[in-house]
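Some notes on the structure that comes next.
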Amino acid sequence: MTTISTTTTAATTTATVASEVLSRLEGAWNRADGAAFGAVYQPAASFVTVQGQHAQDAAAIGAGHAGIFATIYAGSVNTMELVSARELADGVVLAVSRNTLQVPAGPLAGTHQAMSTSILVRDPDGGWSVAATHNTLIGR
């Protein structure tokens, strides 16, 4: 009988956690679902936009995204690529992603890139949510 090891390294687990959270954010963005985007965040989360605006709770994060999905980023597609993830403490992950946004029309039409740094935390139910995100545009 052959035994196959299913040991998972901490780095793999950390990257998997971060990738799954990014996938939820990306999916909500690409469905233009502000409420679902905000739901990925903790109730008292912090979010700094690429323009330096600061939203301070999941409801405000969701509402702000619903607003941009209906206006300047209507019909946009966002691809979130995990750049790095590391565990800061048990149940706390620092995730950095490169986000590529394709906007089909309007004053921001075109392709834009940003770097995003997020703090992910394990929830009491074992799931993961975002405590804070800070976004910075990548210059052209």
Side-chain angles (χ1 to χ4, degrees):
M1 175 193 264
T2 303
T3 304
I4 299 173
S5 174
T6 58
T7 304
T8 304
T9 66
T12 301
T13 302
T14 301
T16 299
V17 163
S19 293
E20 289 173 352
V21 170
L22 287 176
S23 179
R24 290 167 41 212
L25 290 168
E26 181 181 297
W29 184 292
N30 294 336
R31 290 188 312 276
D33 188 340
F37 194 91
V40 180
Y41 286 81
Q42 293 196 315
S46 173
F47 187 97
V48 177
T49 71
V50 294
Q51 296 176 335
Q53 298 152 331
H54 185 209
Q56 296 187 44
D57 66 48
I61 293 165
H65 281 81
I68 63 173
F69 295 155
T71 56
I72 60 172
Y73 293 142
S76 64
V77 174
N78 202 343
T79 303
M80 299 179 181
E81 172 193 0
L82 182 64
V83 173
S84 65
R86 69 182 169 100
E87 187 173 39
L88 299 177
D90 186 41
V92 181
V93 172
L94 174 66
V96 176
S97 64
R98 179 179 296 104
N99 304 333
T100 302
L101 179 64
Q102 297 180 350
V103 183
L108 297 176
T111 300
H112 309 276
Q113 287 195 314
M115 294 299 290
S116 181
T117 302
S118 296
I119 302 294
L120 315 179
V121 294
R122 186 181 303 119
D123 298 323
D125 67 1
W128 289 81
S129 60
V130 184
T133 296
H134 187 267
N135 292 294
T136 302
L137 278 176
I138 297 173
R140 293 180 188 236

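All residue numbers refer to positions in the sequence shown, counting from 1.
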Nearest 0.5 Å, what's the [atom1]-[atom2] distance between [X] and [Y]?
X	Y	atom1	atom2	answer
L25	N78	CG	CG	9.0 Å
T49	I68	OG1	CD1	8.5 Å
T100	I138	OG1	CD1	7.0 Å
E87	L120	CD	CG	11.0 Å
Q56	I61	CD	CD1	9.5 Å
Q53	N135	CD	CG	11.0 Å

Linking I/L/V/M/F/W/Y whenever their side-chain heavy atoms sit closer than 4.5 Å, directly or via other members, would [X] and [Y] fall into one cluster?
X	Y	result
L82	W128	yes
V83	L94	no
V48	V21	no
L137	L101	no

Is it true that atom CZ of R86 has more than 12 heavy atoms of other residues, nucleotides or ligands lying nearer than 6.0 Å? no
Begin from the C-alpha positions of H112 and V50 and carry the test side-chain contact (heavy atoms from CB on, under 4.5 Å) through to its verdict. CA-CA 11 Å; H112 309 276; V50 294; over 6 Å; no
Are R122 and V93 side-chain neighbours, meaning at least one heavy-atom pair lies under 4.5 Å? no
Heavy atoms, side chains only, cut-off 4.5 Å: are V121 and S129 in contact? yes
Does D125 offer a backbone N or O that forms a donor-acceptor pair with the side chain of D123 under 3.5 Å? no
For a quick test of reading the model, state the closest non-hydrogen atom pair linking [X] to [Y] and the distance between them.
X	Y	result
V103	L108	CB-O, 3.4 Å
R24	A39	NH2-O, 4.5 Å
A85	A15	CB-CA, 4.1 Å
F37	Y41	O-CD1, 3.5 Å
A36	R31	CB-NH2, 3.7 Å
A58	G38	CB-O, 3.4 Å

Apply side-chain contact (heavy atoms from CB on, under 4.5 Å) to residues V130 and F47 and explain how you reach the verdict. CA-CA 9 Å; V130 184; F47 187 97; over 6 Å; no
Evaluate Q102 against T79 for side-chain contact (heavy atoms from CB on, under 4.5 Å), listing each step before the verdict. CA-CA 9 Å; Q102 297 180 350; T79 303; over 6 Å; no
T133 and side chain to side chain donor-acceptor pair (under 3.5 Å): which single residue from S118, S97, S116 fits? S118
